[in-house]
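First comes the structure, then the notes that go with it.
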2 protein chains.
Amino acid sequence: MDTKSLIIDIATKLFQQKGYKGVGLTEIIKACDISKGSLYHHFPNGKEELLIACLQYLNEEITNDIVDIFNRYPTTQEATNAMISKLIDNFEMEGTLIGYTFSSMVSEMASLSDPVRNACAKLYTEMQTIYYHKLVADGFSNDEASSTALMVTASIEGGMLLCLTQKRAEPLQVISQVLPKILETRRFKTSE
Amino acid sequence: MDTKSLIIDIATKLFQQKGYKGVGLTEIIKACDISKGSLYHHFPNGKEELLIACLQYLNEEITNDIVDIFNRYPTTQEATNAMISKLIDNFEMEGTLIGYTFSSMVSEMASLSDPVRNACAKLYTEMQTIYYHKLVADGFSNDEASSTALMVTASIEGGMLLCLTQKRAEPLQVISQVLPKILETRRFKTSE
DNA sequence: TGTTAAGAACAGACCGGTTGGTATAGTGGA
DNA sequence: TCCACTATACCAACCGGTCTGTTCTTAACA
């Protein structure tokens, strides 16, 4: 693997674990076993440029992953369950949740750097777009699909936060159980 | 207001906006217009002790606030809507979302400091407990109430994250519209 | 094929500034 | 007088970033 990809790969994980300010350049170059000169050769504009590169990399990784899962299952509900299962497995194996989240970067940098904020927004949008199309295919109306996709994104993101604080996977499991309530195509109206 | 409370009050907001590592002690003492000696008199163990004090303060503030809202509305659904409305108003007025969130601290510190992680976990638990009791009063079974309370917490937390990245309040509005799907006491079974 | 030039890739010393934290002196009210 | 409280000066460690210099790769040319 070339140096630049190596840097992005390792820095991504570090940023996800400790946040932007939580990781120093020294830590990154040590983990990569490279020199500072090398890092600044590949990322002349320094740390923030590296972060954005990491977010773009993450975007592709996550998007591909989700598309893959969503192609393997017929309904959004099944696909979502599979996706969450994968997150949980990862969490229980690795100990940390570095799956589809980058919340630390969002809340840290959203108010400070517009480029970073936009990179994060793009990632969330693409995730929601995947959900949206599947939901439309499930028979949801465009409006319903759109708001449901947002709800799925938010609840999973929030669920990951809860898992991190509790150091256990249960919150995501619960969410996976509750999500069908909003994912199932209604066959009967319940009220009104 | 005494110095200690002043420090906690201001530091809390700064931590929420910029995260733990994102705020320096210098910034805090300048915002409080106090000296470093004063800060270390009240928090001899330094920054992390201050953070935990902030989280505890936040816990009380948020809990009281939510309890208050939940007492004013008959059902969880109405109370939740009111709560989200308040969040959105705050967001649109202040420009930042410093309401019921501290996600930056969670994802930053969860893997680094157990005391901080536990303080965050406690806060989430208390929020869920409030929701839980209201849901039971609404007629939910204990199990359903428990998982629904978690879902509400997660989706609101995730919704705030989405609002921050997009710099607009729409995600929380959508969530407020979707939440009834899991909050309404079912009058008819929809499938099975 | 051997020589050389160019530039990409890398190394590491170094910079000013800031960090969290400490030590000590001073202040004002009981 | 006492002591909770505050102010000031200071520290080593670290931060992101810049610098100069070296090595490696590649391509052009005779």
Side-chain angles (χ1 to χ4, degrees), chain A residues 1-55 57 102 104-105 108-117 119, chain B residues 1-55 57 104-105 107-117 119:
Chain A
M1 188 191 278
D2 64 300
T3 309
K4 188 165 183 175
S5 306
L6 178 79
I7 297 175
I8 292 178
D9 196 60
I10 293 182
T12 300
K13 284 172 192 154
L14 289 173
F15 282 142
Q16 281 179 289
Q17 281 166 19
K18 306 184 175 186
Y20 180 68
K21 305 248 181 184
V23 186
L25 290 184
T26 317
E27 186 178 353
I28 295 174
I29 62 173
K30 266 186 191 161
C32 298
D33 199 29
I34 58 163
S35 70
K36 213 165 214 180
S38 180
L39 193 154
Y40 269 87
H41 170 74
H42 294 288
F43 304 97
N45 296 324
K47 202 185 178 185
E48 186 164 321
E49 185 185 351
L50 172 59
L51 173 64
I52 293 179
C54 288
L55 288 173
Y57 165 76
F102 40 97
S104 49
M105 277 92 88
E108 251 189 279
M109 302 288 291
S111 57
L112 302 175
S113 161
D114 269 333
V116 173
R117 193 180 53 75
Chain B
M1 188 190 280
D2 63 301
T3 309
K4 189 166 183 174
S5 305
L6 178 80
I7 297 174
I8 292 178
D9 194 60
I10 293 183
T12 301
K13 283 173 191 153
L14 289 173
F15 282 142
Q16 279 178 293
Q17 280 166 19
K18 307 184 174 184
Y20 180 68
K21 306 248 180 184
V23 185
L25 291 184
T26 315
E27 188 177 353
I28 295 174
I29 62 173
K30 266 186 190 161
C32 299
D33 198 30
I34 56 161
S35 70
K36 215 166 215 182
S38 179
L39 194 154
Y40 269 87
H41 170 75
H42 294 288
F43 303 97
N45 296 324
K47 203 184 177 185
E48 186 164 321
E49 185 186 351
L50 171 60
L51 173 64
I52 293 179
C54 288
L55 288 173
Y57 165 75
S104 49
M105 277 94 89
S107 31
E108 249 189 281
M109 302 290 291
S111 58
L112 301 175
S113 160
D114 269 332
V116 173
R117 195 180 52 73

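Letters A, B, ... are given to chains in the order of the sequence lines, protein chains preceding strands, and every chain is numbered from 1.
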Legend entry - B:L51 CG - C:dG21 P separation (whole Å): 12 Å

Legend entry - Atom pair SG/CD1 of B:C32 and B:I10 - distance to nearest 0.5 Å: 4.0 Å

Legend entry - CD1-CD1 distance between B:I28 and B:I8, expressed to the nearest 0.5 angstrom: 11.5 Å

Inset, instruction - Kindly compute the distance separating CG (B:L39) from CG (B:L25), expressed to the nearest 0.5 Å. - result: 6.0 Å

Inset, instruction - Please identify each residue that fulfils side-chain hydrogen bond (donor to acceptor under 3.5 Å, both in side chains) with B:T26, with sequence neighbours left out. - result: none

Inset, instruction - Round to a whole Å and report the spacing from CD1 of B:I34 to P of D:dT8. - result: 13 Å

Legend entry - Rounded distance in Å - CD1 (A:I7) to C1' (C:dA8): 14 Å

Inset, instruction - Find the distance A:F15:CZ to D:dG16:C1' and express it as a whole number of Å. - result: 12 Å

Legend entry - Contact under 4.0 Å: A:T26 side-chain N or O vs D:dC14 OP1/OP2: no

Legend entry - Pairs where residues 31-42 of chain A contributes a residue and the test salt bridge (Lys or Arg N to Asp or Glu O under 4.0 Å) is met, not counting sequence neighbours: none

Legend entry - Pairing residues for B:K13 by the salt bridge (charged side-chain N to carboxylate O under 4.0 Å, His left out) criterion, not counting sequence neighbours: B:D9

Under 3.5 Å, sequence neighbours excluded: what are the donor-acceptor pairs made by side chains of residues 40-55 of chain A?
residue, atom, partner, partner atom, Å
A:K47, NZ, A:Y20, O, 2.9
A:K47, NZ, A:V23, O, 2.8
A:E48, OE2, A:S113, OG, 2.7
A:E49, OE1, A:N45, N, 2.7

Inset, instruction - Whole angstrom is fine here: how far is it from CG in B:L50 over to P in C:dG21? - result: 10 Å

Legend entry - Sidechain-backbone polar pair: B:E108 side chain, B:K21 backbone, donor-acceptor under 3.5 Å: yes

Legend entry - B:K18: salt bridge (charged side-chain N to carboxylate O under 4.0 Å, His left out) partners, not counting sequence neighbours: B:E27

Legend entry - Separation of A:S38 OG from A:I29 CD1 (nearest 0.5 Å): 9.5 Å

Inset, instruction - Just compare D:dT18, D:dA9, D:dT6 and give me whichever is closest to any side-chain atom of B:K36. - result: D:dA9

Inset, instruction - Return the value, rounded to whole Å, for the distance between atom NZ of A:K30 and atom C1' of C:dG12. - result: 13 Å

Inset, instruction - List for me each residue that meets side-chain hydrogen bond (donor to acceptor under 3.5 Å, both in side chains) alongside A:S35, sequence neighbours excluded, and say none if there are none. - result: none

Inset, instruction - Find the distance A:L14:CG to D:dG16:P and express it as a whole number of Å. - result: 12 Å

Legend entry - Any residue of residues 39-49 of chain A with a heavy atom less than 4.0 Å from an atom of DNA chain C: A:H41, A:H42

Inset, instruction - Output yes when at least one side-chain N/O atom of B:S35 is less than 4.0 Å from OP1 or OP2 of D:dA7, else no. - result: yes

Inset, instruction - Would you tell me if any nitrogen or oxygen in the side chain of B:T3 comes within less than 4.0 Å of OP1 or OP2 on D:dC5? - result: no

Inset, instruction - Scan nucleotides 20-27 of chain D nucleotide by nucleotide, 5' to 3', and note B when protein non-hydrogen atoms come under 4.0 Å of the base, S if they reach only the sugar-phosphate, - if neither. - result: --------

Inset, instruction - Using a heavy-atom cut-off of under 4.0 Å over every strand shown, decide if B:G37 touches base, sugar-phosphate, or nothing. - result: base

Inset, instruction - With sequence neighbours excluded, tell me which residues meet salt bridge (charged side-chain N to carboxylate O under 4.0 Å, His left out) with B:D114. - result: A:K167, B:R117

Inset, instruction - Could you state the atom-to-atom distance from NZ of A:K21 to C1' of C:dG17 in whole Å? - result: 14 Å

Set out, line by line, the N/O atom pairs under 3.5 Å between protein and nucleotides 26-30 of chain C.
none

